[in-house]
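Notes to accompany the following structure.
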Number of protein chains: 2
Amino acid sequence: MPVTIKDIAQAAGVSPSTVSRALSDHPRISAGTKERVRRLARDMGYTPSILARGLVTRHTATIGVAITTVSDPFLAPLVRGIEAIAHENGYSVFLGNVHRDRERELQVVQSFYERWVSGIIVAGSQIDEGYLDLRDRFPLPIVLFNCRTYPYSVSTDNLIGACQAVAHLVQLGHRRIAYIANQYSYRANLDRLTGYRRVLEESGTSMDPNLVTEGDGTIKSGLKAAGELLALSQPPTAFFCFNDMTAMGVINALRRAGLQVPRDKSVVGFDDLDLARYYNPPLTTVRQPTHQLGQRAIRMLLDLIQGRDDLQPEILPAELVVRETTGPAPTLAQ
Amino acid sequence: MPVTIKDIAQAAGVSPSTVSRALSDHPRISAGTKERVRRLARDMGYTPSILARGLVTRHTATIGVAITTVSDPFLAPLVRGIEAIAHENGYSVFLGNVHRDRERELQVVQSFYERWVSGIIVAGSQIDEGYLDLRDRFPLPIVLFNCRTYPYSVSTDNLIGACQAVAHLVQLGHRRIAYIANQYSYRANLDRLTGYRRVLEESGTSMDPNLVTEGDGTIKSGLKAAGELLALSQPPTAFFCFNDMTAMGVINALRRAGLQVPRDKSVVGFDDLDLARYYNPPLTTVRQPTHQLGQRAIRMLLDLIQGRDDLQPEILPAELVVRETTGPAPTLAQ
DNA sequence: TTGTAGGCGTTATCAT
DNA sequence: ATGATAACGCCTACAA
C-alpha cells in the first residue's frame with residue numbers, strides 16, 4: 001500500500017536502481033534525473049523502509065537504550081546526552097523499559113537485537129559484566145554505566161563521590177552516620193559503600209554495621225529505612241543516601257517523626273537531580289555528570305560500531321554540592 | 001555472521017521452509033523434525049530477524065510510544081499500562097523522546113513509521129488533531145491522549161477535575177485563586193482553564209485575569225509564576241496548578257518568600273504523582289487514572305491495528321485527593 | 001549515466 | 001510432511 005521505490009521508478013520512467021541512486025546521493029547520476037526523481041518521491045509521499053534497507057545494508061541506524069524505568073529523573077540528562085550525539089551521527093534512539101528486572105532486561109536486549117539495532121546502551125543493568133558471557137547470544141556492541149568490570153562502561157567516580165559526602169558529614173561533627181544502600185545498583189552501590197567505609201575508618205570512627213541498611217533507590221524505601229534507623233537505641237545523626245530519591249524519603253520520615261533538617265538530622269543524597277535544589281529543604285548531594293555520562297557512552301558505542309575495540313572503561317568525576325540538608329551534629333547534651 | 005534459518009536447515013538436513021514451519025508451530029509438520037529443528041535452533045543460538053520477517057508478513061509486532069521526555073514522572077504508570085497489555089498481545093514497546101518539540105515529534109513518528117511499527121501512541125503531542133492531516137503521510141494507527149477533537153484519543157476528565165479542585169478552594173473560603181497554565185498541553189490546559197473559570201463564575205467570584213498565568217509544567221516555571229503572582233498588589237491566596245510539578249515550584253517560591261503552606265497560602269496540583277504524597281508538605285491534587293489511561297490507549301490502538309475504526313474518544317474520571325497543602329483562606333484581618 | 005540481476009532473511013504458495 | 005520458488009523493498013556489483 002505505501003509507495004515504494006518501484007512506484008517512483010515507474011512514474012519517472014526509470015529503473016528502481018536509478019531511483020535508489022537518486023535518493024541516496026550516488027555520485028554517478030545526472031543532475032536532471034536526480035532532481036526529477038527526488039521531486040517525485042516527495043510528491044508521492046515516499047518513505048524508505050528501514051526494514052528493507054537494513055536487511056541488505058545490515059545497518060539500521062538505530063540505537064537501543066535500555067532503561068530501568070521511564071520517569072527515573074536521573075535518566076533525563078543522560079538520555080539527552082545520548083540523543084544529541086546519536087542524532088548528529090544520523091542515528092535514531094529508542095528506549096526500552098526494563099523495570100529493574102533481569103528477565104525483562106534480557107527480553108528488551110533481545111528485542112533490540114532481533115530488530116538489528118546498531119548498538120545498545122544499558123542504563124541500570126541487572127546483568128552488568130554478565131554481558132561478557134552473552135557475547136555470542138547478542139553479538140553486537142553493548143555499553144553499560146557504572147560497571148568497571150566490563151570493558152565498555154562509563155562510570156561516575158562513585159568512590160570519591162561517597163568519600164566527599166561522608167567527609168563533609170564527619171567535618172560537621174557527625175559520628176553516627178547511616179548509609180542507605182540500593183540493592184539494584186550493585187556496582188555503584190559497592191563503590192559508594194566502600195567510600196563510606198573508608199572515610200569512617202580514616203576518621204577513627206567505629207563502624208556500626210547496624211547503620212548500613214538496604215534500600216532500592218525509591219522515596220518509599222528511604223522512608224522505610226529511615227524509620228527503622230530512627231528506632232535504633234542509638235539512632236544516627238546523619239544519613240548518607242544512595243540517591244536523591246532515597247534522601248527525600250528520609251527527610252519525609254524525619255518530618256513525620258517531628259524532627260527538623262538540618263537542625264536535628266543531616267541528610268546527603270547522590271545524583272543532584274533537577275528536583276534536588278527544589279526540594280524542601282534543598283538537598284545537599286553529590287552531583288553526577290549525567291549529561292556527560294550519556295555523551296561518553298554513545299561516543300564509546302559509536303566507536304564500537306565502527307569496529308574499534310581498543311577502548312577503556314571511563315570514569316568521570318563527581319562533585320559534592322552543599323545545600324540545606326546538612327548542618328552541625330547536635331551536641332551530645334541534646 | 002549471525003545464524004540464520006538457512007544455517008539451521010543445513011545442519012538439520014532439511015529445507016529452510018521446514019525450519020520456518022518448525023519454529024512457527026505450523027500445523028503440518030512432524031513432531032520429530034519439529035523437535036529436532038527447535039533444539040538445533042536453540043543450540044546454535046538462533047534469533048529470528050524481525051526485519052526480514054516484517055518485510056514479508058508486514059507485521060513487526062512493535063508499538064512505538066512517543067513521549068515528551070524520559071523522566072516525566074507522569075509517564076511511568078501510563079507507560080506501564082501500555083506495556084502490560086502490549087506484552088500480553090505479543091508486542092514489544094519502544095519509546096521515542098520528543099522533548100515537546102513539534103519538529104522532533106514529526107521526526108520520531110517518521111522514524112517509527114520507517115521501521116514499520118504496527119502503531120503509535122503519542123503522549124503529550126504538540127500536533128494533536130493535526131494528525132488527521134498527516135494520515136496519508138503516516139498511514140498507520142495513531143492514538144493520542146487528551147485530544148477530544150481527534151477520533152482516537154483517551155483523556156482524563158480535565159474539566160471536572162479542575163472543577164473539583166477549584167470548588168475545594170472556594171469552599172475553604174478562597175476568593176483570589178490563581179491558575180498557572182501549561183502552554184505545551186494545549187487541550188488539557190484548555191479544559192482545566194474552563195473548569196477553573198466555570199467554578200469561579202458559579203461561585204459569584206469576580207474573575208481577575210491577572211491571576212491566570214502561563215507556565216510550562218516544570219518546577220521552575222511554577223517557581224517563576226508564583227514569584228510574579230506574589231508581586232501583584234493583590235496577590236492570590238490560593239494556587240491551582242496545571243500539574244504537581246508546577247505546584248512544587250509554587251510551594252518552593254512560597255517557602256522562599258517566608259510564607260507557610262497551607263497556613264498562608266493554599267496550593268492544588270494535578271496528576272497525583274507518586275511524589276505528591278511524599279512532598280513536603282504532601283500535595284493536595286487531582287488524581288489522574290494514569291495506568292488506566294495507558295491501558296485504554298493501547299487497547300484502542302490494538303483495535304485499530306486489527307482494522308476496527310468504529311471507535312470513540314474515551315474520557316476517564318479524575319478525582320480530588322485532599323492532603324496538606326490546602327487550608328482555610330487567611331481572614332482579611334491578617 | 002543507466003539498467004539488469006542477485007541477494008539480504010523470512011514467510012507463503014504451490015507442488016510433491 | 002516436506003521442498004522448490006517467489007516475493008517483501010531495497011541496495012549494489014556488473015554490464016551496457
Side-chain angles (χ1 to χ4, degrees), chain A residues 1-38 40-41 44-62 90 110-111 113-118 139-140, chain B residues 1-38 40-41 44-62 90 110-111 113-118 139-140:
Chain A
M1 193 64 186
V3 37
T4 77
I5 242 178
K6 279 188 195 164
D7 302 325
I8 303 174
Q10 195 157 18
V14 297
S15 79
S17 35
T18 303
V19 175
S20 171
R21 282 190 278 251
L23 260 32
S24 62
D25 239 352
H26 196 86
R28 279 204 289 277
I29 191 159
S30 79
T33 47
K34 180 163 155 182
E35 191 48 45
R36 193 159 45 93
V37 166
R38 293 199 158 201
L40 223 40
M44 298 173 66
Y46 170 74
T47 306
S49 165
I50 293 203
L51 298 209
R53 179 183 292 170
L55 197 57
V56 41
T57 62
R58 328 206 108 243
H59 178 73
T60 55
T62 309
Q110 165 110 11
S111 58
Y113 178 61
E114 287 172 340
R115 284 160 182 82
W116 290 18
V117 300
S118 308
L140 84 174
Chain B
M1 195 58 189
V3 35
T4 76
I5 244 177
K6 283 187 193 164
D7 301 325
I8 302 174
Q10 195 156 19
V14 296
S15 78
S17 21
T18 302
V19 175
S20 172
R21 281 189 281 249
L23 261 31
S24 62
D25 237 352
H26 196 85
R28 278 206 288 277
I29 191 157
S30 78
T33 46
K34 180 162 152 183
E35 193 46 46
R36 192 159 46 95
V37 166
R38 292 199 160 198
L40 223 40
M44 298 173 67
Y46 170 73
T47 306
S49 165
I50 294 204
L51 298 209
R53 178 184 293 171
L55 196 58
V56 41
T57 63
R58 332 208 102 234
H59 178 73
T60 55
T62 308
Q110 164 110 12
S111 58
Y113 178 61
E114 287 172 340
R115 285 161 181 81
W116 289 19
V117 300
S118 308
L140 84 173

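In what follows, chains are A, B, ... by sequence order, proteins preceding strands, each numbered from 1. Atom set for the values below is all heavy atoms of this structure, side chains included, hydrogens, waters and symmetry mates excluded. Being a predicted model, the structure only gives us computed values, none of them experimental.
Rounded to a whole Å, the CD atom of A/Glu35 is 16 Å from the P atom of C/dT1. Distance CD1 (B/Ile50) to P (C/dT10): 11 Å, rounded to an integer number of Å. In this entry the distance linking CZ of B/Arg115 with C1' of D/dC8 reads 18 Å, nearest Å. The interatomic distance linking A/Lys6 (NZ) with D/dC11 (P) rounds to 13 Å, in whole Å. Regarding B/Ile8, its CD1 atom lies at a distance of 11 Å from the C1' atom of C/dG9, rounded to whole Å. Remark: P of C/dT2 and CD of A/Gln10 are 18 Å apart, rounded to the nearest angstrom. Rounded to a whole Å, the CD1 atom of B/Ile29 is 14 Å from the P atom of C/dA12. Protein atom CG of A/Leu23 is 12 Å distant from nucleotide atom C1' of D/dC11, rounded to whole Å.
Proximity of A/Thr33 to the phosphate of C/dT1: no side-chain N or O atom is located under 4.0 Å from OP1 or OP2. For C/dT10, neither phosphate oxygen OP1 nor OP2 lies less than 4.0 angstrom from any side-chain nitrogen or oxygen of B/Ser20. In this structure, A/Ser49 does not reach the D/dG9 phosphate: none of its side-chain N or O atoms is under 4.0 Å from OP1 or OP2. For the OP1/OP2 pair of D/dG3 and a distance below 4.0 Å, the side-chain nitrogens and oxygens of B/Arg21 include no atom meeting the criterion. Residue B/Thr18 places no side-chain N or O under 4.0 Å from the OP1 or OP2 atom of D/dT2. Here A/Arg58 reaches the OP1 or OP2 of C/dG9: one of its side-chain N or O atoms lies under 4.0 Å away.
Map B/His26 and A/Leu55 each onto its nearest nucleotide of DNA chain D; the residue landing nearer the 5' end is B/His26.
Nearest heavy atoms, A/Met44 versus A/Ala11: SD-CB, 4.0 Å. Among all heavy-atom pairs drawn from B/Val37 and B/Ala12, the shortest one is CG2-CB, 4.3 Å. Heavy atoms only, all atoms of each residue included: A/Val117 and A/Leu140 are closest at O-CD1, 3.4 Å. Heavy atoms only, all atoms of each residue included: B/Val3 and B/Gly45 are closest at CG1-O, 3.4 Å. Closest non-hydrogen pair, A/Arg38 versus A/Ala22, comes out as NE-O, 3.0 Å.
Here the nucleotide nearest the side chain of B/Arg53, chosen from C/dT10, C/dT4, D/dG3, is C/dT10. For B/Thr57, whose side chain is taken as the heavy atoms from C-beta onward, the closest listed nucleotide among D/dC11, C/dT10, C/dT11 is C/dT11. The side chain of B/Ile5 approaches C/dT11 more closely than any other nucleotide in the set D/dC10, D/dT2, C/dT11.
Using a 4.0 Å heavy-atom distance criterion, B/Gly13 is classed as a sugar-phosphate-only contact. At the heavy-atom level, A/Arg28 lies under 4.0 Å from base atoms of the strands shown. Residue A/Ser17 is in base contact, counting any heavy-atom pair closer than 4.0 Å across all strands shown. Nucleic acid contact class of A/Pro16 (heavy atoms, under 4.0 Å, all strands): none.
Among B/Ile8, B/Ile5, B/Thr4, the single residue meeting the side chain to side chain contact (heavy atoms under 4.5 Å, CB included) criterion with B/Pro16 is B/Ile5.
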